[in-house]
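We name chains A, B, ... by the order of the sequence lines, and we start the count at 1 in each one.
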Amino acid sequence: MSIYDSLNEQQREAVYHTEGPLLILAGAGSGKTRVLTHRIAYLIEELGVNPWNILAITFTNKAAGEMRERVDNLVGFGSESIWVSTFHSMCVRILRRYIDRLGYDNNFTIYDTDDQKTLMKDVCKYLQVDTKVYKERSLLAAISSAKNELISVEEYALQAEGDFGRKKIAQVYAEFEKQLKANNALDFDDLLVKTVQLLQTQPDVLEYYQNRFRYIMVDEYQDTNTVQFQLVSLLAGKYKNLCVVGDDDQSIYKFRGANIRNILNFEREFEDARVIKLEQNYRSTSTILNAANAVIRNNKGRKDKTLWTDNGEGEHIQFRQFDNAYDEAEYIVSDIKEQVESGRRNYKDCAVLYRTNAQSRMFEEKFVVSNVPYKIVGGVNFYARREIKDLLSYLKTIDNGKDDLAVRRIINVPKRGIGLTTINRVQDYAAEREIGFYEALLAVDLIPSVRRSAGKLESFAALIEHFKAESVHMSISELMDLIIEETGYVEELQADTQEEAENRIENIEELKNKIVSFEESCEEAGEQPTLSGFLEEVALVADIDSLDENTDYVVLMTLHSAKGLEFPHVYLAGLEDGLFPSYMSITADDPDEVEEERRLCYVGITRAREDLTLTCARRRMVRGETQYNKMSRFLKEIPMEYLSTGTVFEKEPEESGKKLAYQQARQAFKAKAFAVNTPPKQFAVKDGAGPGYDVGDRVRHVKFGEGLVTQITEGGRDYEVTVQFDAAGVKKMFAMFAKLVKVD
DNA sequence: CTTTCTATGCTTTTT
DNA sequence: GCATAGAAAG
């Protein structure tokens, strides 16, 4: 029996079709990751392809790590030389090697959204753009979408001819690019754009990567934008062994430039493309799946397909309407608590999903008072916090003195008595001579206008030079300690009595931990940990990457973050018109906006394996004022037969009124009070068909040695086994190919 | 040059 | 309702 026997017919077809372009239309929960990992295994084991020649692109670092691990479990060895990464980190890797060909230094800095905004402010000031009329945000948005569509500064200017507003944007775009380059910095979009530019202009580089990546796979293809498409086309241009996996129904990143045409027109772009549909869902109960299908059916522009499953009907979908968001959160938290206390679920089996990050706050409060462990994904990025950015700016300055933004950020942090006027004078001097800010600082005695603060500036420059000299023979963590020590950064915080300062110090400790673990993981991989390497990793992590399946906590996140994940019990909160679908999408002229929200709803529903709870509130505080919302139109698209409601479900939406709200509150309250508890459901693994060992048994694995089986879950046609290995730690693997042997 | 007060805008979603 | 940015005062 081979490992491929566990796949269904379509999955197997996708695995065996290795030559030429292939589009896999994979519905939610149809086992696309399994297909991809098996396909890689097949290439290596059966076709003898060198792992080095395989490139797999995923959406997040977490997905990349999981894919590598799963391939590792299948193949056993060689998987470390497969390139599994996100678009962005792949581009950084290529650019670190070759970007000097485009006139940048190879140790360029990556600018995050905050840095972009700061730079944009400078640009607007310099060009005397009225930021009341042209907001930084919208300028950046315009530039970002131009970059995503591969429109250069010159092209943009040409297209803007005759339009005053667009000409202004073109001007800003040009200056913004100029300053980025002067700072030797790239923003997120540039990472992709510059890589495409590099491949287009350097035939030898293109050929090198084309030969290297003979087999390319792209996950979440529905969310690729024009640059990403171009990049993939270039790389696959020679061998055309391109396999893309996607689901047009799960395309939820249009706002980021995702081009749904990339999937709808794949067959046109790549001649002789094979198209395979995966329509069997292995994840959810038929009730959940039917509800999801009923919702998504309302969208017009989609490839026709209907997911089916031979999983059982399962439980009804729970629906509850509450008077306000407070009650909603309380219900969800107490429901989770009840489930866990009854032994039916672990905390980590439950996820709370919502449309906007702002909704997390209420849940957080409730989780804290109820003493339920939780983790919020998203919101303010750890690396975007002030203290972290400050310290990283020191590292950036030491690493790449050309990054003016970083230098200016820290020149007076902690306070050194260097004020804005001084900084501006240095800036003007530097701009005049077209040199960097830091460069100007090194020769401060040549700047006549700042003679009075020259001493302070000089000692700052000397401090940085000192760090630079020390950094040569120091590890990153030692350097960080030195910076904290000599600048007195933490000392200053300690003097602050406010509670906030304590948090800041904790965050700094956390940063130090992250540096140490970066150094450790580099050494494990046999690489020298570099400062640039650390800064780059930090710039490209998403919060979702820190999600850990082994810790028992409830996960809270936005629907966007939840893509690609699954949970036994999903709570979908805030199902109200105006919140989800968002107010913006309802009022937009383009009906496709609501369709995108509907896809988001589809993604949310299909995250659930066994239980789904939908909730909404009549009244909600938004931006300091109370809003009265109708329940979401998406709710009404779910047939009643799948729902179990605690309240009277109103078919006809009525005008909001205080009296009605009050009545509904009463109903909601009654529903809560008299809600019947459904008996715990057994999710049984069929008797006699087990993998030959049980939880608690000791087993042996070819590569990982002996270990203890801690969990067995039924997934699709196979069993997913979790083993605590004596030497290799905890691993999850499929029984079919892990070939575990019971040890007596 | 630093601190404190006031006004403004924001909430869609993220690598 | 909060965070941030800019103005005013010290």
**Item:** Heavy-atom protein contacts under 4.0 Å, nucleotides 1-7 of chain B, coded B base, S sugar-phosphate only, - none
**Value:** SSS----

**Request:** At under 4.0 Å between heavy atoms, which parts of nucleotides 9-15 of chain B does protein reach? Answer with one letter per nucleotide, 5' to 3': B base, S sugar-phosphate only, - none.
**Result:** -BSBBBB

For [X] and [Y], take the angle between the two ring planes, folded into 0 to 90°, and tell me which bin it lands in: parallel under 30, tilted 30 to 60, perpendicular over 60.
X	Y	result
A/Phe213	A/Trp83	tilted
A/His560	A/Phe255	perpendicular
A/Tyr98	A/Tyr209	perpendicular

Is it the case that [X] places NZ or CZ above or below the six-membered ring of [Y], under 6.0 angstrom from the centre and within 45 degrees of the axis?
X	Y	answer
A/Lys147	A/Tyr173	no
A/Arg96	A/Phe108	yes
A/Lys563	A/Phe59	yes
A/Lys514	A/Phe382	yes

**Request:** Classify the nucleic acid contact of A/Lys121 as base, sugar-phosphate or nothing, counting any heavy atom under 4.0 Å across all strands shown.
**Result:** sugar-phosphate

**Message:** Taking pairing as Watson-Crick or G-U wobble with both contacts under 3.5 Å, can you name the mate of C/dG1, or confirm there isn't one?
**Reply:**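 Checking every strand shown, C/dG1 finds its partner in B/dC10, with both distances under 3.5 Å.
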
**Asked** Does A/Tyr583 OH have over 12 foreign heavy atoms under 6.0 Å away?
**Response**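 It does not: A/Tyr583 OH has 12 such atoms or fewer within range.
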
